[in-house]
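To start, I am sharing the structure in question, which I have written as structure tokens.
Here is how names work: the chains are called A, B, and so on, in the same order as the sequence lines, proteins then strands, and each is numbered from 1. Remember, predicted model here, so these are calculated numbers, not experimental data.
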Amino acid sequence: AQKITQTQPGMFVQEKEAVTLDCTYDTSDPSYGLFWYKQPSSGEMIFLIYQGSYDQQNATEGRYSLNFQKARKSANLVISASQLGDSAMYFCAMREDGGSYIPTFGRGTSLIVHP
Amino acid sequence: NAGVTQTPKFRVLKTGQSMTLLCAQDMNHEYMYWYRQDPGMGLRLIHYSVGEGTTAKGEVPDGYNVSRLKKQNFLLGLESAAPSQTSVYFCASSREADYEQYFGPGTRLTVT
């Protein structure tokens with residue numbers, strides 16, 4: 001079974017609008033971390049945001065925020081005020097602290113921002 | 001700081017040939033990783049290292065070997081390339097396991 005599920009293969013959003021990219025995860029470990037990475041068409045992977053399982057507040061980094069719903073095992077990425085440069089693949093990843101600590105990645109969601 | 005660099009950026013191999021991909025990082029990170037990325041599959045971990053002189057298998061290790069003789073370098077070897085190994089290979093490093101990963105620019109490998 002997949003540990004990280006990203007159900008939206010592709011998403012479209014109008015420039016300046018907000019968009020939510022879904023990520024659900026599967027773990028029985030009480031301690032874990034969740035990451036989001038961006039991969040533009042140039043190919044490099046860029047770290048965006050991190051949420052620890054014990055963090056009380058949702059993580060935010062500029063226009064990025066993580067909507068962490070622990071009971072639902074979801075860690076959705078919210079991008080506010082979308083920009084054309086946000087067009088990219090977005091990957092969710094999870095690290096389980098009771099195992100090897102090595103992150104497992106989802107299959108990604110493609111986001112296209114329209115002008 | 002160059003961050004994480006990968007050599008080469010592109011390579012075409014014939015079936016059965018061998019090659020080594022080099023990853024170097026200048027951030028003094030303990031952890032280093034090799035991933036492959038195939039369309040629709042996300043990133044899959046091939047091998048990783050938790051420090052100089054150590055290596056461990058990831059999700060898809062078959063057909064690959066690695067070495068970490070120096071802390072800053074992590075080498076990925078293909079002893080006998082197969083068309084199924086056509087992929088984009090990413091190296092990454094992190095300070096420790098629970099920190100974010102820094103990725104190299106990738107190597108696009110085609111095996112014919």
Exercise for review: For each of B:Q101, B:R108, B:M41, tally heavy-atom pairs with chain A at distances under 4.5 Å, and name the one with the top tally.
Suggested key: B:Q101

Check your understanding: Under the side-chain contact (heavy atoms from CB on, under 4.5 Å) test, which residues partner B:N73, sequence neighbours left out?
Key -> B:L22, B:A24, B:K70, B:L75

Point to revise | Ring centres under 6.0 angstrom apart (A:F12, A:H114) | key: yes

Revision key, fill the gap. Turns out that what part of A:P9 lies under 4.5 Å from chain B's heavy atoms comes down to neither

Review point. Can the ring centres of A:F35 and A:F105 be said to be less than 6.0 Å apart?
Key: no

Practice item. Let me know if B:E59 has heavy atoms under 4.5 Å from chain A in its side chain, its backbone, both or neither. Key: neither

Exercise for review: Report the option among B:Y99, B:Y35, B:Y31 that has the most heavy-atom pairs separated by less than 4.5 Å from atoms of chain A.
Suggested key: B:Y35

Practice item. Quick one: do B:K57 and B:D62 satisfy salt bridge (Lys or Arg N to Asp or Glu O under 4.0 Å)? Show the steps, please. Key: CA-CA 9 Å; B:K57 293 181 181 179; B:D62 293 342; 5.6 Å; no

Exercise for review: Step through it carefully: locate the ring centre of B:F103, locate the ring centre of A:Y37, and say whether they are under 6.0 Å apart.
Suggested key: yes

Point to revise | Which portion of B:L45 sits near chain A, non-hydrogen atoms under 4.5 angstrom | key: side chain

Check your understanding: Which bit of A:Q6 comes within less than 4.5 Å of chain B, counting heavy atoms only: side chain, backbone, both or neither?
Key -> neither

Exercise for review: Below 4.5 Å from any heavy atom of chain A, which atoms of B:Y102 appear? Answer side chain, backbone, both or neither.
Suggested key: neither

Check your understanding: In terms of heavy-atom pairs under 4.5 Å, which option from A:F91, A:F47, A:Y50 contacts chain B the most?
Key -> A:F47

Point to revise | Nearest-0.5 Å distance, OG1 of residue A:T104 to CG of residue A:D26 | key: 11.0 Å

